[in-house]
K.L.:
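Structure provided below as structure tokens; questions to follow.
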Amino acid sequence: MVEKLAELKVDYAGVKFRNPTVLVSGVLGTDAATLKMVAKRGAGAVTMKSIGPEERAGHNNPTIVATEHFMHNAVGLPTPGYKNLGDKWEALKGRDFPLIASVFARSVEEHAVVAEEVASHKPDLIEINLSCPNVKGLGHAFGTDPEVAGKIVEGVKKVSGKVPVIAKLTPNTHRLVEVGKACEEAGADGLVAINTLGGMMINIDARRPVLHNKFGGVSGPAIKPVAVKSIYQLYANCKIPILGMGGIINGEDAIELMMAGASAVGIGTAVHYRGIEVFELVIKEMNDWMDKNNVKKVSELVGAAHE
Amino acid sequence: MVEKLAELKVDYAGVKFRNPTVLVSGVLGTDAATLKMVAKRGAGAVTMKSIGPEERAGHNNPTIVATEHFMHNAVGLPTPGYKNLGDKWEALKGRDFPLIASVFARSVEEHAVVAEEVASHKPDLIEINLSCPNVKGLGHAFGTDPEVAGKIVEGVKKVSGKVPVIAKLTPNTHRLVEVGKACEEAGADGLVAINTLGGMMINIDARRPVLHNKFGGVSGPAIKPVAVKSIYQLYANCKIPILGMGGIINGEDAIELMMAGASAVGIGTAVHYRGIEVFELVIKEMNDWMDKNNVKKVSELVGAAHE
Amino acid sequence: MSDIPKMVEIKRIQKETKNIRTFFLDTAINSAPGQFLMAWLPGIDEKPFGVSFKAPELGITVEQKGKFTEELFFLKEGDKIGIRGPYGNGFDTEGVKTACLVAGGVGVAPINALAIELKQKGVEVKIILGARSQDHLSLSESLLQCGELYITTDDGSMGEKGFTTNKLRALLKDEKFDKIYTCGPEVMMIEVMKIADSNGIEMEASLERYMRCGTGVCGACSINGIMVCKDGPVFNSGQLKKLTELGKWARSKSGKKVTLDDYCRGKC
Amino acid sequence: MSDIPKMVEIKRIQKETKNIRTFFLDTAINSAPGQFLMAWLPGIDEKPFGVSFKAPELGITVEQKGKFTEELFFLKEGDKIGIRGPYGNGFDTEGVKTACLVAGGVGVAPINALAIELKQKGVEVKIILGARSQDHLSLSESLLQCGELYITTDDGSMGEKGFTTNKLRALLKDEKFDKIYTCGPEVMMIEVMKIADSNGIEMEASLERYMRCGTGVCGACSINGIMVCKDGPVFNSGQLKKLTELGKWARSKSGKKVTLDDYCRGKC
Ligand SMILES: Cc1cc2nc3c(=O)[nH]c(=O)nc-3n(C[C@H](O)[C@H](O)[C@H](O)COP(=O)(O)OP(=O)(O)OC[C@H]3O[C@@H](n4cnc5c(N)ncnc54)[C@H](O)[C@@H]3O)c2cc1C
Ligand SMILES: Cc1cc2nc3c(=O)[nH]c(=O)nc-3n(C[C@H](O)[C@H](O)[C@H](O)COP(=O)(O)OP(=O)(O)OC[C@H]3O[C@@H](n4cnc5c(N)ncnc54)[C@H](O)[C@@H]3O)c2cc1C
Ligand SMILES: Cc1cc2nc3c(=O)[nH]c(=O)nc-3n(C[C@H](O)[C@H](O)[C@H](O)COP(=O)(O)O)c2cc1C
Ligand SMILES: Cc1cc2nc3c(=O)[nH]c(=O)nc-3n(C[C@H](O)[C@H](O)[C@H](O)COP(=O)(O)O)c2cc1C
Ligand code: FES
Ligand code: FES
């Protein structure tokens with residue numbers, strides 16, 4: 001039972017994770033049974049698929065494709081809507097693993113509406129997905145504007161009660177660090193970095209974008225260097241802890257993101273490449289590396305590449 | 001002699017390229033002999049390593065590393081300086097291939113100073129590298145601010161005489177399209193997209209960033225979807241032609257970038273993966289695909305994924 | 001390795017009934033019976049279809065039901081569609097010497113691929129093929145080559161009038177099989193499972209849920225935390241019995257829990 | 001496949017002279033004689049070094065010259081350095097039955113790896129090892145195991161006083177070789193090439209230029225448009241004769257064309 005090794009426990013934004021690996025939002029988080037299964041298969045914490053203001057079917061397929069270098073998706077934020085999740089919350093009561101509830105909305109105010117209801121079901125953390133397009137703004141994501149991002153965090157903090165609030169940042173901007181700082185100042189308890197990188201694939205034989213939505217997010221090995229840089233810069237400029245993600249496939253990748261400054265690490269796309277066993281595998285690989293390098297506590301790795 | 005096939009000729013910003021493949025700036029462009037060799041080995045046009053305001057040694061090594069997914073570099077813009085290139089210009093006189101001169105500088109005004117001298121040596125195109133950090137600004141690259149980018153292009157256009165001016169954009173911003181439009185309005189004859197994606201790699205055994213400069217640019221397969229999206233959006237919003245680059249390894253990749261909207265395509269990192277033969281190979285692969293799909297002129301592919 | 005759609009030509013279209021066609025594709029894919037492809041119509045959608053013929057030509061057998069299949073039925077030989085896969089686990093045929101295959105409606109698609117393989121392996125095969133009416137019956141010619149074929153229709157328009165499960169019960173009075181395989185409406189498959197259980201025979205069923213990735217990543221196809229696309233679509237009775245959602249619940253495109261009935265009526 | 005530095009332990013440091021040490025590394029790399037590694041000292045720099053010993057332990061032989069090598073010389077056994085590679089083409093030994101190896105200074109490093117391989121292949125080897133003085137002479141013990149060894153020093157502090165090229169001329173009066181291999185200062189290698197040519201003997205020399213990528217991408221190491229890191233570092237006399245920059249020009253870190261003299265004095 002690798003996940004029971006004491007040295008792998010981490011504290012993230014006041015919540016104890018059994019180990020640093022976290023199931024990211026949007027991957028396998030659709031129902032309670034799956035979340036429980038992922039926790040059972042080793043994840044230190046799990047994230048529910050992002051919850052939105054009203055029911056959305058998401059985009060037509062193809063929504064998710066992959067090459068050897070990356071996964072490319074535009075699922076279109078399908079969600080039953082925050083009011084239609086009773087069965088899911090019910091089934092997650094009495095769980096023995098930390099649960100992160102991801103939320104998104106279409107305006108600053110709506111974030112608080114969704115988050116208030118979500119907080120009442122007592123997830124262990126509320127994650128604000130700041131990467132959604134800001135329909136009222138310029139069309140860019142909320143996460144490209146420090147001021148707007150700060151306001152969203154502030155609004156959610158007012159209604160979240162005792163549940164810590166973490167802000168998930170988009171890498172698709174030169175203002176990432178400013179946005180992170182604004183969230184911290186607004187009271188965020190932690191940061192999550194990074195969401196997917198904006199991209200597009202064209203099938204030349206069809207002469208068309210591959211994804212039904214044309215544009216989509218890139219994740220997996222291709223974005224690891226972007227994740228490492230983002231985390232490194234956030235760690236250097238913010239004090240709140242970082243849940244790092246982007247391109248982790250194996251234990252060494254996880255350690256790399258931790259050395260950049262992550263207190264815990266998300267795993268998403270790797271489920272595609274290595275299956276659901278990836279959590280157990282990554283934990284084992286981290287443990288092996290730590291043993292070989294005489295590292296007693298995984299927390300010693302956090303920010304180790306900064307000197 | 002594949003490069004002689006009529007249907008592969010393209011016109012980019014008023015300059016005729018023998019075929020759509022272009023050696024990108026920063027790869028093999030250090031000296032005249034190498035540029036000639038690359039042209040001989042098939043490239044439709046070649047770009048000189050970016051020329052700066054004064055001699056710079058660049059960073060210590062490691063400056064260039066690679067994995068199976070990407071190349072990661074922070075060479076640090078080494079340059080003899082625009083005043084120390086007499087021998088190179090001399091050796092490039094009477095050439096039988098189009099030559100792109102890439103320039104960079106540290107302020108809006110300095111760009112014009114460098115470009116004026118460069119223009120006097122009559123390259124076929126002047127490419128402005130807008131990705132350098134703007135030391136006088138917020139530390140971001142000039143290419144993240146449409147207003148500044150426009151001013152730089154305007155200044156260079158004033159001194160460039162008959163040499164067309166093209167602006168090379170950075171993908172590290174949510175304002176890419178705005179920057180492209182600003183350059184177009186300022187008189188740019190073409191756009192170049194994309195430069196490298198900002199990233200970082202950490203060697204966990206050394207507990208250190210791999211590149212001496214810590215941060216660096218990511219190129220190769222990992223950034224292709226970012227390049228395709230960038231080019232697609234620029235094509236939809238600007239009228240001037242696009243020299244597309246980012247992650248082209250084979251002929252199908254080149255066609256993908258052209259279908260996104262590129263009139264010609266840059267090849268850089270692929271030299272690492274396939275050697276200098278990559279130009280001949282890509283041209284052959286493009287030609288094979290065109291034959292199979294009954295496409296007579298490569299220009300028919302430009303923007304074909306837009307409907 | 002790459003899970004991106006590849007455009008392939010429709011080499012031949014075989015009309016099975018008014019509503020059912022088999023599309024033979026100009027490509028070779030090494031798939032096991034029970035595995036499926038994701039088929040893409042650019043600009044329309046991408047949906048899963050079981051492989052009904054593996055060789056000499058790769059075939060999928062499709063019933064026209066709604067938007068996607070309607071668009072697919074507009075296509076002619078020579079047109080192209082995108083495919084990726086094969087995905088899923090496929091049927092387990094190890095050690096099987098005698099088998100009974102029970103197909104309902106277009107669930108016959110993967111059953112046909114299985115029947116062909118079992119025949120090649122020298123397995124003794126009996127097949128029960130059922131549908132609402134003649135219009136929903138397909139691939140009987142191919143199945144006839146693979147073993148003894150029994151046809152049932154709800155309305156009696158072809159074969160015996162009645163359900164496949166009635167026929168199965170009847171057959172089991174005199175016969176024994178190493179394994180029963182089934183694909184069709186979930187209620188039918190549950191019934192087949194019960195019959196197999198009470199006769200002490202191993203069985204496998206191929207399930208259907210809404211799918212996006214096809215590779216076990218997105219969670220859209222979850223049934224009790226099991227991914228139908230990757231852990232399935234084929235499950236044996238031991239596995240099926242643990243699926244409390246079987247026959248009752250499914251998840252709509254939005255991820256909302258809906259009754260299987262609503263799901264099948266497209267009310268989601 | 002991955003061209004990123006891997007941290008490896010220094011297993012053993014062998015002092016060759018006051019200024020030259022061989023570092024044996026705890027790793028196995030399948031390199032051919034003449035290939036080189038990029039050695040990384042985190043926070044300092046990364047530089048190319050020829051492989052001097054391939055097995056049983058991988059070794060590089062380094063002369064302390066400036067910043068990087070000074071830092072390297074601070075390291076002790078058990079410390080780690082990063083390496084990537086091997087890079088470059090290596091010497092061509094096909095069909096060679098008798099060979100003469102001419103090494104100048106620390107150019108002996110790849111020559112030693114070559115001598116070991118030739119000896120193993122049963123090639124008859126003669127080696128001329130020269131340096132400014134005894135302090136710059138290294139690996140003579142290893143070379144002695146591989147063939148007949150002649151030592152020359154500019155100041156006569158060891159072996160014969162004089163240049164390696166004088167010794168080579170003397171040897172060639174009585175002997176014939178299938179091939180001459182050389183590594184050392186460029187002027188010396190050019191002289192060796194001329195001698196080989198006038199005797200009608202094939203030759204190969206290993207060149208040195210400023211390097212960044214090591215894989216033929218950046219163009220830093222260009223000599224007449226040929227990448228020393230990838231097309232070389234070993235060239236035969238036919239190739240060398242086309243290199244008009246040989247012995248005259250090099251490129252500094254900034255990419256500026258400088259005289260070879262300035263380059264070697266570190267004036268760049
Ligand atoms: C693993 C797998 C394999 C499949 N193999 C095949 C196959 O071999 N051949 C084939 O024809 N189809 C197969 N399907 C179903 C197929 O993917 C589509 O769902 C079907 O073709 C309907 O698509 P549509 O867009 O035309 O209809 P839609 O517009 O989606 O629906 C039209 C109507 O069809 C009915 N319908 C839709 N989905 C279902 C369902 N799951 N169960 C019952 N009724 C439904 C509803 O009444 C709905 O209103 C498979 C599905 C899965 C998950
Ligand atoms: C393919 C290749 C293989 C090499 N193999 C070896 C090897 O096996 N062993 C080894 O010791 N070195 C080797 N070198 C040289 C090595 O890479 C370094 O350049 C050298 O160690 C000096 O590094 P430094 O930082 O200590 O000195 P620097 O600080 O760079 O230079 C200090 C002084 O050394 C002298 N110097 C530097 N470079 C050269 C040069 N190219 N030619 C002549 N003098 C120079 C100059 O006087 C300079 O001022 C090789 C180089 C190449 C390109
Ligand atoms: C299929 C898929 C769906 C995703 N959906 C969401 C989502 O709903 N909300 C969100 O915040 N992030 C979503 N993401 C982003 C991931 O949570 C994660 O930030 C990103 O994929 C980087 O991690 P990875 O490389 O380990 O996958 C999704 C990613 C994938 C691959
Ligand atoms: C080693 C290296 C050095 C580069 N140097 C420059 C440069 O000096 N100026 C510039 O505008 N772009 C530079 N680039 C970026 C490339 O020109 C190109 O935009 C990018 O690499 C994407 O193309 P690719 O994926 O084909 O390499 C460099 C890229 C690499 C890999
Ligand atoms: S369709 Fe995505 S997990 Fe099954
Ligand atoms: S060192 Fe980069 S091309 Fe040789």
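We name chains A, B, ... by the order of the sequence lines, and we start the count at 1 in each one. Values reported hereafter were calculated over all heavy atoms of this structure, with side chains retained and with hydrogens, waters and symmetry mates removed. Just so it is clear, the structure is predicted and the values come from calculations on it, not from any experiment.
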K.L.:
So, C:K253 and A:N60: side-chain donor and acceptor under 3.5 Å apart, yes or no?
P.N.:
yes
K.L.:
Specify the closest pair of heavy atoms between C:K230 and A:G275, including all atoms of both residues, with the distance to one decimal.
P.N.:
NZ-CA, 3.7 Å
K.L.:
Just by distance, do the side chain of C:S254 and the backbone of A:P78 share a donor-acceptor pair under 3.5 Å?
P.N.:
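No, C:S254 side chain to A:P78 backbone: no donor-acceptor pair under 3.5 Å.
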K.L.:
Could you tell me whether the side chain of C:K256 reaches within less than 4.5 Å of the side chain of A:T79, counting heavy atoms only?
P.N.:
no
K.L.:
Against chain A, work out which of C:G214, C:G43, C:G255, C:G216 has the most heavy-atom pairs shorter than 4.5 Å and name it.
P.N.:
C:G43
K.L.:
With a 4.5 Å cut-off on heavy-atom pairs, point out which of A:T34, A:V65, A:L28 contacts chain C the most.
P.N.:
A:L28
K.L.:
For each of C:E46, C:M211, C:E245, tally heavy-atom pairs with chain A at distances under 4.5 Å, and name the one with the top tally.
P.N.:
C:E46
K.L.:
How close do A:A33 and C:G225 get, heavy atom to heavy atom, and via which atoms?
P.N.:
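Closest approach of A:A33 to C:G225, heavy atoms only: CB-N, 3.4 Å.
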K.L.:
Nearest 0.5 Å, please: how far is NZ in A:K49 from SG in C:C218?
P.N.:
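One finds 8.0 Å between SG of C:C218 and NZ of A:K49.
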K.L.:
With only heavy atoms counted, which part of C:L41 is less than 4.5 Å from chain A, the side chain, the backbone, both or neither?
P.N.:
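It is neither, since no heavy atom gets under 4.5 Å.
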K.L.:
Do you know which of A:D87, A:I276, A:L85, A:T269 has the most heavy-atom pairs with chain C at a distance under 4.5 angstrom?
P.N.:
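When all of A:D87, A:I276, A:L85, A:T269 are compared, A:D87 has the most.
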K.L.:
With no hydrogens and no angle check, is any side-chain donor or acceptor of C:D45 less than 3.5 Å from a backbone partner on A:N61?
P.N.:
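Yes, because the side chain of C:D45 sits within donor-acceptor range (under 3.5 Å) of the backbone of A:N61.
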K.L.:
With salt bridge (charged side-chain N to carboxylate O under 4.0 Å, His left out) as the test, pick out the partner of A:D31 among C:R209, C:K257, C:R251.
P.N.:
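Only match with A:D31 under salt bridge (charged side-chain N to carboxylate O under 4.0 Å, His left out): C:R251.
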K.L.:
If you count heavy-atom pairs under 4.5 Å between each of C:S222, C:A220, C:G82 and chain A, which one has the most?
P.N.:
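The answer is C:S222.
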K.L.:
Which atoms of A:H59 come close to chain C, meaning under 4.5 Å heavy atom to heavy atom: side chain ones, backbone ones, both, or neither?
P.N.:
backbone
